[in-house]
Amino acid sequence: MILTVQKSDKEILKSLEGESAVFIIACAGCAVKSNTADKQSIEYISKLLSDNNIKISEIEILGSVCAKQKTQEILSKNTNFQKAKTILFLSCGTGIQAVGSFSDKRLIAVLNSQAITVVESSYSKFCSVCGDCILSYTQGICPKTRCPKSLVNGPCGGFVNGKCEIDSSKDCAWVLIYEKLKKNNGLDKFINSFIEPK
Ligand code: SF4
Ligand code: SF4
């Protein structure tokens, strides 16, 4: 399973700057086992949001957010999810990217994925459990894992027609991030920020 820990309040609130409402997705799989998406954690985040005047349209608890097909099926029938602009995740980075693969909404990470414990699986294709999740800044796409050079502040410039120069069968992670930043009006903010190299 993926072991997760909650980010600091300061970092969570920084990634929520300018937001007035969110839809929360909590993972009842690994995150509950890490005590980061259990009842107390959900209550803690709910209070943090309410103390900072951010409304919650709904809290959806899903069995395993990374089970993309099931997650997509459930969320496609949820009108509050459909209406929401910003989604807050109490899940590992893989869960966030599962939702990001079928949604262009703004995705915010509350947790850091720290380690794979007991079960090793294809989770690592989307998340390298680096311990300091930056998905809130990269539109729910992990450049640490999905860019072969692990670049975190933009592309190397080698992509051709949106495909990676290292493996042309794969999309350049940074082209995907750029397209989502554009859709969510996040380009200016991103260009003026800096993410520490991993
Ligand atoms: S930044 Fe990437 S590797 Fe690090 S926790 Fe987030 S998804 Fe995983
Ligand atoms: S082309 Fe894109 S995904 Fe490939 S190494 Fe360069 S920045 Fe990374």
Side-chain angles (χ1 to χ4, degrees), residues 1-8 10-12 14-16 25-27 29-37 41 45 62 64-68 71 86-103 105-117 119-182 186-187 190-191 193-198:
M1 69 167 241
I2 307 272
L3 182 71
T4 46
V5 294
Q6 193 185 298
K7 288 177 175 294
S8 69
K10 194 175 159 201
E11 186 179 348
I12 295 168
K14 186 164 182 278
S15 61
L16 282 165
I25 294 178
C27 181
C30 302
V32 155
K33 292 186 193 120
S34 301
N35 299 322
T36 49
S41 309
I45 289 297
L62 295 172
S64 288
V65 184
C66 60
K68 183 188 153 184
T71 295
T86 303
I87 315 296
L88 201 72
F89 285 85
L90 276 71
S91 80
C92 73
T94 303
I96 301 174
Q97 290 178 86
V99 174
S101 69
F102 59 82
S103 166
K105 296 177 189 298
R106 189 164 175 233
L107 311 177
I108 306 281
V110 168
L111 309 181
N112 284 327
S113 304
Q114 291 230 307
I116 298 175
T117 59
V119 180
E120 296 249 8
S121 74
S122 59
Y123 283 107
S124 55
K125 284 182 186 166
F126 294 100
C127 170
S128 317
V129 285
C130 72
D132 182 18
C133 195
I134 58 169
L135 290 181
S136 303
Y137 308 101
T138 58
Q139 302 289 302
I141 295 165
C142 176
K144 155 85 181 149
T145 310
R146 290 166 72 175
C147 165
K149 297 175 189 172
S150 291
L151 301 176
V152 293
N153 284 292
C156 66
F159 61 85
V160 178
N161 295 327
K163 298 293 180 189
C164 175
E165 71 166 354
I166 306 290
D167 179 353
S168 61
S169 70
K170 295 197 173 133
D171 292 325
C172 165
W174 276 103
V175 170
L176 298 177
I177 293 167
Y178 174 81
E179 291 301 334
K180 283 204 176 186
L181 281 167
K182 224 168 38 171
L187 273 176
F190 184 83
I191 284 166
S193 60
F194 173 73
I195 297 172
E196 290 289 332
K198 289 184 177 292

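Both counts, for ligands and for their atoms, begin at 1 and track the order of listing.
Contact check on Lys14 versus Glu11 returns no salt bridge, with no Lys/Arg side-chain nitrogen under 4.0 Å from an Asp/Glu carboxylate oxygen.
The environment of Tyr137 atom OH is dense: over 12 non-hydrogen atoms of other residues, nucleotides or ligands sit within 6.0 angstrom. Environment of CG in Asp167: crowded, with over 12 heavy atoms of neighbouring residues, nucleotides or ligands closer than 6.0 Å.
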* Determine, step by step, whether Val99 and Val65 satisfy the side-chain contact (heavy atoms from CB on, under 4.5 Å) criterion, reporting the C-alpha distance in whole Å, the side-chain angles of both residues, the deciding distance to 0.1 Å, and the verdict. => CA-CA 8 Å; Val99 174; Val65 184; 4.0 Å; yes
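Of the residues Ile25, Leu62, Ile96, the one that meets the side-chain contact (heavy atoms from CB on, under 4.5 Å) test with Ser91 is Ile96. In summary, of the residues considered (Leu111, Leu107, Leu135, Val110), a side-chain contact (heavy atoms from CB on, under 4.5 Å) with Phe89 occurs for Leu107 alone.
Metal site remark for atom 4 (Fe) of ligand 1: Cys130 contributes an N, O or S atom at a distance under 2.8 Å. Inclusion of Cys133 in the first shell of atom 6 (Fe) of ligand 1 is supported: an N, O or S atom falls under 2.8 Å.
Considering only non-hydrogen atoms, atom 1 (S) of ligand 1 lies nearest to Ile134 out of Ile195, Ile134, Thr138.
Although no hydrogens or angles enter the test, the distance criterion places a donor-acceptor pair under 3.5 Å between the side chain of Ser113 and the main chain of Gly93. A donor-acceptor pair under 3.5 Å links the side-chain atoms of Trp174 to the main chain of Leu151, judged by distance alone.
Of all protein heavy atoms, the one closest to atom 2 (Fe) of ligand 1 is Cys142 SG, 2.2 Å. At the top of the distance list for atom 8 (Fe) of ligand 1, counting protein heavy atoms only, stands Cys127 SG, 2.4 Å. The nearest heavy-atom contact from the protein to atom 3 (S) of ligand 1 is Ser128 N, 3.1 Å.
Note on ligand 1: Gln97 sits in its first shell, one or more heavy atoms being nearer than 4.0 Å.
Note that the CD1 atom of Ile141 and the CZ atom of Arg146 stand 5.5 Å from one another [nearest 0.5 Å].
One side chain, Thr145 or Ser128, offers a donor N or O that lies under 3.5 Å from an acceptor on the other.
Shown in contact with Thr145 at under 4.0 Å from a heavy atom are these atoms of ligand 1, numbered in order with element: 3 (S). Close approach to Val129 involves these atoms of ligand 1, each under 4.0 Å from a residue heavy atom: 3 (S), 8 (Fe).
Residue Leu135 touches ligand 1 through its side chain alone, judged by heavy-atom distances below 4.0 Å. Of all the heavy atoms of Thr94, none lies under 4.0 Å from any atom of ligand 1, so neither backbone nor side chain is involved.
For atom 8 (Fe) of ligand 2, the set of protein N/O/S atoms nearer than 2.8 Å consists of Cys147 SG, ordered by chain and number.
Contact record, Cys127 with Gln97: N-NE2, 4.4 Å, taken as the closest heavy-atom pair.
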